Structures are given as structure tokens and as C-alpha cells.
Amino acid sequence: MSVRVRFAPSPTGELHIGGLRTALFCYLFARKNRGVFILRIEDTDRKRYDPHSADHIQFALRWAGLNWDEGPIFQSQRLEIYKKHAFELMDAGHAYPCFCSPERLEEMRKEQEAKKLPPRYDRRCRNLTEEERERLIMEGAPFTIRMKVPESGITKFKDIVYGEISVRNEEIDDQVLLKSDGYPTYHLAHLVDDHLMEITHVIRGEEWLPSTPKHVLLYQAFGWEMPEFCHLPSILAGRGQGKLSKRHGAVSVISYMEEGYLPEAMINFLALLGWSPGTDQEIFSMEELIEQFSLEKVSHTGAVFNREKLDFFNGYYIRKKSLEELAILVKPYLVKAGLINEDYPLEPYFFMALRTVQERMKKLSEAPELLSFYFKEPDYPAELLIPKKGTPESAAFALEVAIDCLTEVEDFAAPVLERELRQAAQEKGIPPGNLLWPLRAALTGKEASPGAFEVLEVLGKDESLLRLEKALFKLKK
Ligand code: GLU
């Protein structure tokens, strides 16, 4: 049987990091097995529905390169199907109508909470007589449909990651399947769809593990063959900390994209959150992941979200880009920061500037800070020009020496500049650092930047000399 998996997000907001990790594992498993990857939007919870969410989710998946083969399928367009199945289950005696008002249920919940009991339906409507049921239905009383969980026995299933799980049926609640407004709950809708869409492997977050016994009972009630279950460990905010959530900062995929994380880095990073190849390999392309991925190597212990690791991967993939590719990626950030216009050409100057910072860039959003001085004259206090053990006079002298030296240099290439400047420093008895600090500060206006020789080469002779003169003026003011 060919593998069919689905990613089934609820459109309640932007796609989270955890959701993308689930989608990635579904995708890798499907591709590895030459199966089908389906996108299903589970939009039957009208209270939490966000109209922009489905678009956001699709955008984020495409950005990450997780293209689906079927879908998106919207559950809200399939309401009749779920309803039909709920009634079928009721007719077969595996479900029953529940007429309890929301107020009664709320009261019951509060009482149970006060007594520290697990929230459970007390099954009042399960025991109504046929006549009572009919009367209420005739009166037009609104009702939900609940599953009729067997009162005794044990429900067992096997999870690929968590192993054998068994639960006593007494502990399972009579879950609502169809709400009184005709909308199905997640439990009914996803299961009917998984069956009709011939899903072979249900891969989803660990938070659904406790609900799975209910699902197993539903499969049995319908008389349907069960898919394999594979629950993925939660992503933790840090060691010994709880699940990653909004209170730990950005969790939406789009916010990471905007911050300048590359999809390759995000994919590489997320793949290792819960899965491990069993070797020391850390860098993986999508193709390598597809080749090596297996659900059996997913661990059941929570995976720690480590931002430094993500930055490490991102820096790695930034360094792997050609200057042309990187320039295209970085440009919108420079435009947004007001350093260049939309129509600024991607030409040699841009590439040369980029080359001097590529090594140290961890995120694309750092580009304006790293590159600003290439696109606008730096603005800085005169003190920046003075090295630690220097004085304004010694800094000014160093700048004069540099200006004299550079005026004579024709070939403005870094190695030539280095040789000439070091020689000039030696001749004038200036320690090289005391010459290079004011020089670099005058060119960049920054405490930290690429080295003076590289910057000189990119800026060129005229611009460099202009900046040095201005710096000198600042010192002598
Ligand atoms: N809509 C559910 C969610 O967003 C899907 C869970 C599942 O994959 O079954 O978590």
C-alpha cells in the first residue's frame, strides 16, 4: 500500500515552529516512501478561526519548500460528510444525542474542578430512554452527538515513537463528535477524513497522544482499519523548561523568515528537533534528509529549541550562498532600512561590500547594521577614532600618515594597501594597531567591522580619502 500522510493544521493564526516541524516530518516521510503528502485545513472550530491563517500557513510551507501533492482540503466544505457519519454511528448504537445545556455542562465542569476530578461528562443523556429521546427531539431541543465509550475493557494501540499504549476505557470521556450547530469536533472530522483520504500514517504532535485511545475506539465503532500512529515529541523552550510558546518570544514561522532565517537553515534545524540520524552528521540538505529520514529514529523525549544552534545553521547557509544570491536576499533589508532604493543595482560594489561581511552574518536582518557604512557616510563621535592607548593628537597623526600613504597608492587592492600602510606605520614609528584603529573607525564609524584593508578596497580611493579627511577634521575641531 502506498504511503499517504497529511499535515492538518487548524487555521487559528500563523504557522508555528512546532507546526512546521510536524509538516516537515510528514513531508520527509512521504518523500522517502514515494508517498503522497496532503495538506488539510481543519477549519471546523469557528471560535478560533482566523480568516488569514490558511493563506499564512500555505505561504510558510512553500517558503520552507514543503510542497504538498493534494489539497488544500478545507474541512468546512465537507460538513455534510461528518454529519452523516455521526448519525450513522448513532444509528449503530455507538453514539447518542446529548441534550445537556452548555450551562449544565459548565456547572459540572466547575464542580469537578473544585473536587480535583478530571473533567468528564456524567453521561446523563446516555441513559435516557428511547421515549425521552424522541420526545426531546420532537420538541426541537438542540443536541450534540457523543460517542458511547464502552464502560469496561482496555483500549490498546501502538505508537511508532511512544510504543504500546493502553488505557482503561473507564478513563475515557464520552467525547462530543458533532456539535449542536452541526459542526463536527476535531475528533470526528479528522478521523473521518483520515479514513476517506486513505491516510496510512498519522504523524502529529504529542499533545494528541492522550486523545488517541478515543480515536482507536472510534475506528473500532466504524469498523475501519486503523492507520499507524506516530506522535512527535514537544519542542521545549530550554532544558528543563516547558513547551515552546509565545511567551518565549517569536514562534511563528513568518517572523523567523522576516528576521532573515533561510529556509535551508530552518529545515536543517527543525529536522534535528526530535529526529537524529544516528551519526555525527549535522548539516543536511533536504535531499539528504529525505534519504536518511525514518520515523523509528524519532525520539520521544522533548526536543530543546536552541536559538544559537539555529543561528549556527543560518550562518552556515549564508556563507554557502554566492554573492549574487546573497545580494538578492539582503537587498530588501537594506531598502527597508533606507540605505538604498528599490532600484539600486546589484553590481560589483554591492557584491564586494557583501563579501566583507558574509562570514560574520548570522541573519539577513543584520545586513543593514553590518553594511550601512558602505551605503552612507558614517556618523560617529570623534572619540571613536582614538585607540585605547592613544590621544587625539596621536590619532590625528596616524590619520595624516594614512592619508599621505594612501594618496600615493594607485592599485587599491587589499594586499597592496596592507603592505604600504604597514610600511608607513613602521617608518613613522606608529604601532600598527594605532594606525589601523583610527583608519578603520574613520571609514566605518563602527567599533566592530571588517578590517581596514578590505574596507578601503571596497570604498575605493576617492571615497576613502574623503572619509579620512573628514575624520581628521573632526579630531581637530
Ligand atoms: N488540527 C489538528 C492540529 O492542528 C491536527 C492534529 C492531527 O494531525 O490529527 O493540531
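Count residues from 1 along the sequence. These numbers were taken from a predicted model, which means no experiment stands behind them. In listed order, ligands and their atoms are each counted from 1.
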Q. How close does the nearest protein non-hydrogen atom get to atom 9 (O) of ligand 1, and which residue and atom is it?
A. Tyr186 OH, 2.5 Å

Q. Which residue supplies the protein heavy atom nearest to atom 8 (O) of ligand 1, what is that atom called, and how far is it?
A. Arg6 NH1, 2.6 Å

**Q.** Donor-acceptor contact present, side-chain Glu88 to main-chain Asp91, <3.5 Å
**A.** no

Q.
Could you check whether Ser372 and Lys446, counting side-chain N and O atoms only, form a donor-acceptor pair closer than 3.5 Å?
A. yes

Q) Polar-atom distance check: Ser10 versus ligand 1, any N or O pair below 3.5 Å? A) yes

Q | Close N or O approach (Glu42, ligand 1; < 3.5 Å) | A | yes

Q. Say you draw a straight line from CD1 of Ile38 to CD1 of Ile199; how long is it, rounded to the nearest 0.5 Å?
A. 4.0 Å

Q) Among all protein non-hydrogen atoms, which one is nearest to atom 10 (O) of ligand 1, and what is the separation to 0.1 Å? A) Trp208 NE1, 2.9 Å

Q: Starting from atom 5 (C) of ligand 1, find the nearest protein heavy-atom neighbour and note its residue, name and distance.
A: Ala8 O, 3.1 Å

Q: State whether Phe59 and Arg62 meet the cation-pi test: NZ (Lys) or CZ (Arg) under 6.0 Å from the six-membered ring centroid, and within 45° of the perpendicular axis.
A: no

Q | side chain to side chain contact (heavy atoms under 4.5 Å, CB included) partner of Phe7, the single match among Phe37, Phe25, Trp68, Tyr27 | A | Phe37

Q: Kindly confirm or rule out an N or O of Val202 lying under 3.5 angstrom from an N or O of ligand 1.
A: no

(Q) Quick check: closest heavy atoms across Pro277 and Leu272, and the distance to 0.1 Å? (A) CD-CD2, 4.0 Å

